[in-house]
Amino acid sequence: MDIKQAETRIRELREILWENSRLYYVENAPLMSDYEFDQKMHELEALEKQFPSLITSDSPTRKVGSDLSSAYDRGDGTSRSESGFRKAQHRYPMLSLANTYSLEEVQEFVARAEKTIPEGFSYSCELKFDGTGISLTYRNGHLVQALTRGDGSVGDDVTENIKHIGNIPLDLKGSGWPDEFEIRGEILMPWEAFLALNREREDIGEAPFANPRNAASGSLKLIDPREVGKRGLMCTLYHIPTEYIDFASSHSGALDKASGWGLPVSSDRKICHGIGEVENYLHKWETARKGLPYATDGVVIKIDELSAQLELGYTAKFPRWAVAYKFKSEEALTQVLSIDYQVGRTGAVTPVANLSPVPLSGTTVKRATLNNEDQMRLLDLHDGDWVWVEKGGEIIPKITRVEVSRRTPGAAVPEFPKVCPDCGTPLFRPEGEARWFCPNTDGCPMQAKGRLIHFAGRKAMNILAGEATVEQLYNLSLVKTPADFYDLTRSQLMTLDGWKERSAERFLESLEASKSAGFERVLFALGIRYVGEETAKSLARHFGDVDSLAAATVEQLMDAEDIGEVIARSIVDFFADGEHLDQVRRLREHGLRFSVGEARFNSDGALKDMTIVISGTYSISRDAMKAFIESNGGKCSSSISSKTSFLLAGSKPGPEKLRKAASLGVKVISEDDLYEMVPRPDTAVQTPEPEDGELTLF
Ligand code: IVH
């Protein structure tokens, strides 16, 4: 490659890396896989090494990525508005780590270090946690500041938000800490909380987060600190800048002390001697990490002795005394057969690729979401392309790149539809939204079916009507709106293809059972935009019945716990629509509960003011257990903190939960112990499990 060609390629790589850094750190919506990003960065590094005259100070190889929204403002109005957090300078820069996917490079790192420090040293091997970086400052044993990494020298001040994360102590215990010091680590969203958050987001028609890292980072930047507290985030700390350490002679010794002061430090660390032990650690965790409750994306190998660290020093971006060995996510190559454009109940249109089935991480992948039009464009997807799919830490398989070498010459670029694929109405894309929407709320069959599936869902009315049944009932014009379910007769059901007496009976039983579901479930089932399960509970608690709720103004709605203006407006709009009021009237006539009964949400119940974490399985479903706790005045939370009243352990509780409860001194009780405190729930009305599956894409 000559210098002209190198210049072009360098410019191209820098553009790609800048744009993807912004999507990764600021938008929390990466389009490129980590592997792909790292490969491009390594390519750029190699070119700059070969052609040093082309190095610039703003090259992505010289600067660490930034989570500050202003960092990517190129003056052309393309960056988003400021996050609203006060910015503050890091006392010592918050650096990144050199990373590699190759064992040989780890061996080279070890060989280099052993040559530079011939007197011998040990390695601290640790997990590489896949969250968002944080630096905490403690003064006289009190937490005084929390900064995000930002651009490495300036970060966002998120102190108030951090105070709502359960395992971060506001005050240290014991003694011997420096008067003032910083300790750095990662804010993580455990898988369980991540899955729950995404379910909630899908329930209210919001795009789900791609992975726990983006979810953690997005949650940390929420404006309302109380909201942050509800996201089930946790912290793990792994680095104290050497400058603060006069109380230990090694990195691991310093972390052990920090752990003794009550700071959350992982115990999955190991001191290793020589490359053999390091490799054993890498191999062990490549598999063992799959059993951890949170995401990790590699292992970090650090030279443990602080004297050796000081001798090795830093480059502009990385310490020379550490390297990150990253696990490559499993990926597979397959062909795109076609693209479906699915219309959800909110009208959002999602492109989904149908793939030639391919095995990946133990399952067969047949479909992958393309998220939105921009993603299709950025992938540069053409009809019939061969693509790489990856599951990595992500739950939903994702297309990470196109294998251009296998493209059929002349293949066309698929055109994103201009009109709704179902009802033909022209689509629109609201400002600031990445998705296109079908505006035909009442007339679009896909939206109507989506609303029926949502209404019948397990967490809503729990009616035995999944995707296939709704399709049948809708196509025969037997059910067009939720209230129509309740007009169905046994003889109508018996005329349906494949239905027998028993299935009709079970279906009708599930309809009857749904009439005893609480007001909050009915409210959730109505599918009001932005009203998820938790919001529905808050509204039910605050307003008590649908009449007061429907009559409330935006201001009155905002008086209820956790209701902001966007949700309030959406509720007002919903009840301003005559069709919706008609639905409510009909559902009410059928006997659904539109007010909070005396027995429900007994805020003076035996579990008043208690926060309970549930784990494992019980004699009743987990949802029923949650409802039971709440009906007795308790609150359920997904993560354990010092504020947790007790951990309710069913059979097979999560080992991590038990460990955490033990470490925080939180009491663990059994289901029977609970029934000593509050009478056992009435299990007479058990709703049957749905027969046909819920709507699942993958
Ligand atoms: S040490 C001076 N240890 O990975 C170096 N970093 O890709 C301090 N990370 O910026 C970092 N787990 O946000 C360190 N056990 C660990 C880590 C870790 C995750 C993150 C950290 C860093 C990034 C580099």
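In this chain, numbering begins with 1 at the start of the sequence shown. Counting convention: from 1, in listed order, for ligands and their atoms alike.
In this pair, F327 and Y325 present their aromatic rings perpendicular. The plane angle is above 60°, beyond the 30 to 60° band.
In this structure, A324 has no heavy atom closer than 4.0 Å to ligand 1. Put simply, part of S96 is less than 4.0 Å from ligand 1, judged by heavy atoms. The shell of residues lying under 4.0 angstrom from ligand 1, judged by heavy atoms, excludes M94. Under the 4.0 angstrom criterion for non-hydrogen atoms, N99 is not in contact with ligand 1. By the 4.0 Å heavy-atom criterion, R184 is excluded from the residues contacting ligand 1.
Among K326, E186, H251, the residue whose heavy atom lies nearest to atom 13 (O) of ligand 1 is E186. Compare Y92, Y238, F318 by their heavy atoms: the one nearest to atom 16 (C) of ligand 1 is in Y238.
Considering backbone and side-chain N/O atoms, F129 comes within less than 3.5 Å of an N/O atom of ligand 1. The shortest N or O to N or O distance between H239 and ligand 1 is not below 3.5 Å.
The ligand atoms of ligand 1 that sit less than 4.0 angstrom from a heavy atom of L127 are 12 (N), 15 (N), 16 (C).
For the residue pair G260 and K173, the shortest heavy atom distance occurs at O-CE, 3.5 Å.
F209 carries R201 over the face of its six-membered ring, with the cationic atom under 6.0 Å from the centre and within 45° of the normal.
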